[in-house]
Protein chains: 2
Amino acid sequence: MEEQQVGSLHFHIDFSQPLYEQILDQARSAIAKGEIALGDKMPSVRELAQELRINPNTVMRAYQELERDGLTEKRRGQGTYVTSSPEHVASFRTELAARYIDSFMEQMESLGLSWEDIEKYIRRKQDAAQGGLGS
Amino acid sequence: MEEQQVGSLHFHIDFSQPLYEQILDQARSAIAKGEIALGDKMPSVRELAQELRINPNTVMRAYQELERDGLTEKRRGQGTYVTSSPEHVASFRTELAARYIDSFMEQMESLGLSWEDIEKYIRRKQDAAQGGLGS
DNA sequence: TTAAGTGTATTAAGTGATATAATACACTTA
DNA sequence: TAAGTGTATTATATCACTTAATACACTTAA
């Protein structure tokens with residue numbers, strides 16, 4: 001397990017998933033949750049690669065997907081910046097959340113679990129953890 | 001997209017995921033939902049491979065995992081059978097469901113979504129579909 | 001103008017997961 | 001004995017992922 005702070009971003013990298021996917025997910029999360037502010041400069045491709053001790057091409061791949069998500073903008077010769085548009089972040093969140101939720105509901109359906117079953121499990125878990133998630 | 005009925009089992013195979021994983025998931029689902037009965041004989045490795053037009057080794061891999069799940073028992077020289085123990089199926093369901101749910105909640109948390117947000121989305125979706133899932 | 005720092009593109013190579021193919025063995029049943 | 005089981009092995013092929021080494025175009029600041 002690898003823990004790394006790069007600017008205002010925090011990464012924990014392991015070998016359970018493709019590297020570019022972990023960078024992507026964790027950068028998405030940081031932007032979606034406002035851990036890095038709108039308009040802020042992201043670490044450069046080379047810098048992040050050096051800090052995480054991985055290849056620049058791998059960082060590039062994650063950064064290209066971030067831009068496709070509408071979460072970042074790239075300025076040739078300057079660097080990569082978090083979008084300044086709150087709407088872009090918001091629409092990304094709802095779209096990705098919808099994808100996650102739909103896929104999750106399919107999994108539950110494949111196990112023959114109803115929505116009520118799921119609610120019961122979550123409630124039990126939240127009680128046990130004394131409100132771990134509910135904002 | 002490939003649709004195949006093999007005995008009481010139904011498979012739809014594509015190239016979105018590893019073949020062995022699709023077989024595994026769909027067999028798990030069929031057993032968990034009782035679409036194939038406890039104690040029933042599964043298709044033989046060779047038969048399923050032939051029907052799905054894939055390699056027997058690939059079916060083997062899925063079948064081995066099914067046994068590790070406690071969902072099937074293999075009898076050398078006879079075949080592969082669905083477990084006769086309802087408890088095994090039940091414990092598998094709750095265990096896998098817990099894994100799915102936990103991973104899902106992590107995804108939601110990474111997007112900064114609260115449990116209430118999720119509930120709202122689901123309710124809206126269920127209303128729109130006039131009760132698509134609720135048992 | 002120059003140097004350093006950006007994103008980007010290309011080519012080559014290596015590794016591991018996935019899948020196929022061919023074959024053989026041990027076991028059970030009819 | 002023959003046919004049908006699960007199982008194991010070896011070889012091969014493909015693809016995703018990752019690294020490596022370079023090179024190019026652009027921007028900014030010295």
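What you see is a predicted model; the values in this text were computed from it and never measured. Throughout, a chain's letter reflects where its sequence line sits, starting with A, and its residues are numbered from 1.
- One N or O on the side chain of Gln26(B) and one on the backbone of His12(B) form a donor-acceptor pair closer than 3.5 Å.
- For NZ of Lys120(A), the number of neighbouring non-hydrogen atoms (other residues, nucleotides, ligands) closer than 6.0 Å is 12 at most.
- With hydrogens and angles disregarded, a donor-acceptor distance shorter than 3.5 Å links the side chain of Gln22(B) to the backbone of Asp14(B).
- The CZ atom of Arg53(B) sits 13 Å away from the P atom of dA21(C) (whole-angstrom rounding).
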Practice item. Decide side chain to side chain donor-acceptor pair (under 3.5 Å) for Glu3(B) and His10(B); before the verdict, give the C-alpha distance in whole Å, the side-chain angles of both, and the deciding distance to 0.1 Å. Key: CA-CA 8 Å; Glu3(B) 298 279 340; His10(B) 180 75; 2.7 Å; yes

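- A salt bridge links Lys33(B) with Glu109(A): the distance from a Lys NZ or Arg NE/NH1/NH2 to an Asp or Glu carboxylate oxygen falls below 4.0 Å.
- One atom, CZ of Phe15(A), and another, C1' of dA17(C), lie 16 Å apart when rounded to the nearest Å.
- Remark: C1' of dA16(D) and CZ of Arg61(A) are 7 Å apart, rounded to the nearest angstrom.
- Contact annotation: the side chain of Leu111(B) approaches that of Phe92(A) to within less than 4.5 Å [non-hydrogen atoms, C-beta and beyond].
- Put simply, CD on Gln17(B) is 16 Å from C1' on dC15(D), counting in whole angstrom units.
- Here the side chain of Asn55(A) pairs a donor or acceptor atom with the backbone of Asn57(A) at under 3.5 angstrom.
- Separating the CD atom of Gln50(A) from the P atom of dT19(D) is a distance of 14 Å, rounded to the nearest angstrom.
- You'll find a donor-acceptor pair under 3.5 Å spanning the side chain of Asn55(B) and the base of dA21(C), going by distance alone.
- Per the geometry, CD1 belonging to Ile23(A) stands 13 Å off C1' belonging to dT19(D), to the nearest Å.
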Point to revise | Stepwise side-chain contact (heavy atoms from CB on, under 4.5 Å) test for Ile118(A) and Phe104(A) | key: CA-CA 11 Å; Ile118(A) 301 168; Phe104(A) 169 68; 4.1 Å; yes

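- Arg46(B) contributes atom CZ, which lies 10.0 Å from atom CE of Met60(B) (distance to the nearest 0.5 angstrom).
- Atom CG in Leu52(A) sits roughly 18 Å away from atom P in dC17(D) (whole-Å rounding).
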Review point. Tell me, what's DNA chain C's dot-bracket, Watson-Crick or G-U with both distances under 3.5 Å, | for other-strand, [ ] crossing?
Key: ||||||||||||||||||||||||||||||

Study note, to complete from the structure: The contact string for nucleotides 5-14 of chain C, one letter per nucleotide 5' to 3', using protein heavy atoms under 4.0 Å with B, S and - for base, sugar-phosphate only and none, comes out as BBBBSB----

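- Nearest to the side chain of Pro18(B), among dT20(C), dT18(C), dC17(D), sits dT18(C).
- For the pair Leu19(B) CG and dA13(D) P, the interatomic distance rounds to 20 Å; values are reported in whole Å.
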